[in-house]
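Scroll down for the structure; my scribbles are underneath it.
This structure is a prediction, so every number in the text was calculated from the model and none was measured. All values below were derived from every heavy atom in this structure, side-chain atoms included, with hydrogens, water molecules and symmetry-related copies excluded.
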Amino acid sequence: MLQLAVVLPTYNERSNIALMAQRIEAALQGFVWEVIFVDDNSPDGTADEARRLAREDPRIRVIERIGRRGLASAAIEGMCASAAPVVAVMDADGQHDPALLPGMYAAVTSGDYDVAYASRFAEGASTEAWGRPDRVKASGFANAIARRVTGVDLSDPMSGFFMLHGETLRADAHRLSGVGFKILLDILATVDRPLRVKEFPLNFAARMTGESKLDRTVVFEFLIGLYDKWLGRIIPTRFALFGTVGAMGAVVHMAVLAVVLHMFGARFAVSHYPKEAAFIVGQTLAAFTAMSFNFVLNNELTYSDKRLRGVFPILRGWLKFFLTCAFGMLANIGVSTALVRVGIHPYTAAIAGIVLASVWNFALSSKFVWGKYG
Ligand code: GDD
Ligand code: MN
């Protein structure tokens, strides 16, 4: 009978996964196990390499996701794809030691614990080999905030190496945010009843090969994850990001307009309305710049999991985004004008127009620019 599934989310780990599978096999002698690689269509061909391993050993399986990114959602999908009663998640780059798996399995199946996890900061753990004092510091900070916010009191709630009963996960899988990378923390903070957690000190190794995917975004994703847990149900995280980017776009707009008015105000002067020509040029240029700025930022941040890549997709997305915003602007002007006509104060009307346009832009661009079928 199948006992344990080990889920390995991968992104550009082609040269690491064969050795990883070997190490897991060696550690799990005597167990009935399966390994599930969840790859987000890595450009280095990790999924092909995983399929090669899977052909040689049917205990190895591959889930390849197209047009999606994200460690947490990959882990969730991997765990939900297994019939094994107990599921584990670990990094595929060799930083997590598979030798801990049997002990974790014993803890989870003993009945004394619901979750077993490997901590980089527990008594007896080490992070020296990692060679990243900056990340150790950042993790310490993030862990402290996480403890405050969620009340989850572990030495390393950000750990990406843990094990639990598949049932426990599935019961609340629909309530997990799937955003970012802090999946263990998310599980512990989401499940209503307190879970009994057993901690295993981990000697966090250096990567076998390749580079970290979380380095650049780890702080941003962490903050996004916290927001998602806190306020995500009131104002959805993506909309909040979209709105923030939009507000930054408004600042860019004003800056460009100011520059144009300042530089060309005199030159564009025409008799009666000295600054009108400059204003029109400025407005057009500003709207164009702000819109492009918003497109790039939304592509990088708001829709980082569906990021458009390559010259053609980006140009196409940018054009669609432009069209969406143009319609949004028309709606904005139409509605605010109508409101003014019925006696609403112009500023109130303007704000109503802006809110309407943002919701419109968000709904349309999320479907047509970054959506699956766009
Ligand atoms: N499918 C998928 N999609 N896998 C991903 C993605 C993604 O978008 N991003 C990263 N991974 C995979 C990597 O290929 C690797 O197997 C694992 O997730 C961890 O990613 P790393 O890029 O190696 O992260 P790290 O070593 O910098 O981060 C460590 O610390 C984090 C907390 O600070 C890891 O131990 C993380 O698991 C941990 O959450
Ligand atoms: Mn790593």
Side-chain angles (χ1 to χ4, degrees), residues 7-11 38 40 65 68-80 87-93 95-96 104 114-122 125 127 130 132 134-164 168-192 194-195 197-200 202 204 207 212-233 236-238 240-241 301-302 304-305:
V7 174
L8 300 152
T10 57
Y11 195 77
V38 187
D40 288 350
R65 308 195 302 171
R68 310 256 311 278
R69 268 305 294 278
L71 176 50
S73 63
I76 295 171
E77 284 178 40
M79 289 188 282
C80 288
V87 290
V89 174
M90 62 193 297
D91 291 3
D93 58 0
Q95 295 195 273
H96 292 152
M104 292 164 85
D114 302 298
V115 177
Y117 90 106
S119 165
R120 297 167 292 179
F121 308 110
T127 50
W130 191 6
R132 292 297 303 273
D134 55 326
R135 284 282 301 269
V136 172
K137 245 195 204 143
S139 294
F141 179 66
N143 283 342
I145 299 182
R147 275 196 285 273
R148 270 278 167 80
V149 172
T150 62
V152 172
D153 196 15
L154 305 182
S155 67
D156 189 8
M158 302 298 154
S159 172
F161 187 7
F162 58 90
M163 192 187 287
L164 76 173
T168 313
L169 177 92
R170 282 190 300 274
D172 284 286
H174 61 284
R175 288 168 58 210
L176 296 175
S177 89
V179 172
F181 62 91
K182 24 94 250 165
I183 165 80
L184 172 64
L185 177 63
D186 199 14
I187 293 173
L188 295 172
T190 300
V191 172
D192 291 326
L195 296 175
V197 180
K198 167 95 172 153
E199 198 162 76
F200 287 79
L202 169 69
F204 197 58
R207 263 185 165 270
S212 163
K213 282 91 218 173
L214 302 184
D215 265 355
R216 243 169 16 108
T217 53
V218 80
V219 174
F220 173 73
E221 295 234 352
F222 174 70
L223 295 175
I224 293 300
L226 280 188
Y227 172 91
D228 197 64
K229 212 67 253 157
W230 254 351
L231 295 172
R233 269 181 222 157
T237 306
R238 242 196 251 277
L241 271 170
L301 303 178
T302 315
S304 62
D305 56 336

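- The shortest heavy-atom contact between Ala74 and Val7 is O-CG1, 4.5 Å.
- A distance-only check finds no donor-acceptor pair linking the side chain of Arg120 to the backbone of Asp156 [under 3.5 Å].
- Residue Ile187 holds its CD1 atom at 8.5 Å from CG of Leu195, rounded to the nearest 0.5 Å.
- For the residue pair Thr190/Asp186, the side-chain donor-acceptor check at 3.5 Å is satisfied.
- A distance of 8.0 Å separates OG in Ser304 from CZ in Arg69, rounded to the nearest 0.5 Å.
- Here the straight-line distance linking atom CZ of Phe162 with atom CD of Glu199 works out to 14.5 Å at 0.5 Å rounding.
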The test is side-chain contact (heavy atoms from CB on, under 4.5 Å); show your working for Thr10 and Val38 and say whether it passes.
CA-CA 6 Å; Thr10 57; Val38 187; over 6 Å; no

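- Using a 4.5 Å heavy-atom cutoff, the side chains of Met90 and Pro9 are not in contact.
- The 12-atom threshold is not exceeded at CZ of Phe141, counting heavy atoms of other residues, nucleotides or ligands nearer than 6.0 Å.
- Donor-acceptor pairing under 3.5 Å is lacking for the side chains of Ser212 and Arg132.
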Verdict with reasoning, Tyr227 to Leu241, per side-chain contact (heavy atoms from CB on, under 4.5 Å)
CA-CA 10 Å; Tyr227 172 91; Leu241 271 170; over 6 Å; no

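- Side-chain contact check for Phe161 versus Met104: some heavy-atom pair is nearer than 4.5 Å.
- Taking CG from Leu188 and NZ from Lys182, the interatomic distance works out to 11.5 Å, rounded to the nearest 0.5 Å.
- Two residues are said to be in side-chain contact when any heavy atoms from C-beta on lie closer than 4.5 Å; Met163 and Tyr117 fail this criterion.
- At least one side-chain heavy atom of Ser73 sits less than 4.5 Å from a side-chain heavy atom of Arg68.
- Between Asp40 and Gly70, the shortest heavy-atom distance links the atoms OD2-N, 3.1 Å.
- Ion pair Asp172/Arg175 flagged as a salt bridge, since at least one NZ, NE, NH1 or NH2 atom sits closer than 4.0 Å to an Asp/Glu carboxylate oxygen.
- Using a 3.5 Å distance cut-off with no hydrogens or angles, the side chains of Ser155 and Ser119 do pair a donor with an acceptor.
- The backbone N or O of Asp93 lies less than 3.5 Å from no partner atom in the side chain of Asp91, so there is not a single donor-acceptor pair.
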Check step by step if side-chain contact (heavy atoms from CB on, under 4.5 Å) holds for Ile76 and Ile183.
CA-CA 8 Å; Ile76 295 171; Ile183 165 80; 3.5 Å; yes

Walk me through it: do Asp114 and Leu164 pass the test side-chain contact (heavy atoms from CB on, under 4.5 Å)?
CA-CA 6 Å; Asp114 302 298; Leu164 76 173; over 6 Å; no

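- Annotation: the span from Met158 atom CE to Leu184 atom CG amounts to 9.5 Å, rounded to 0.5 Å.
- Separating the CD atom in Gln95 from the CG atom in Leu202 is a distance of 9.0 Å, to the nearest 0.5 Å.
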Decide yes or no on salt bridge (charged side-chain N to carboxylate O under 4.0 Å, His left out) for Arg238 and Asp305, but give the supporting numbers first.
CA-CA 11 Å; Arg238 242 196 251 277; Asp305 56 336; 3.0 Å; yes

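- Taking the six-membered ring where tryptophan is involved, the planes of His96 and Phe204 are tilted, since the angle between them lies from 30° to 60°.
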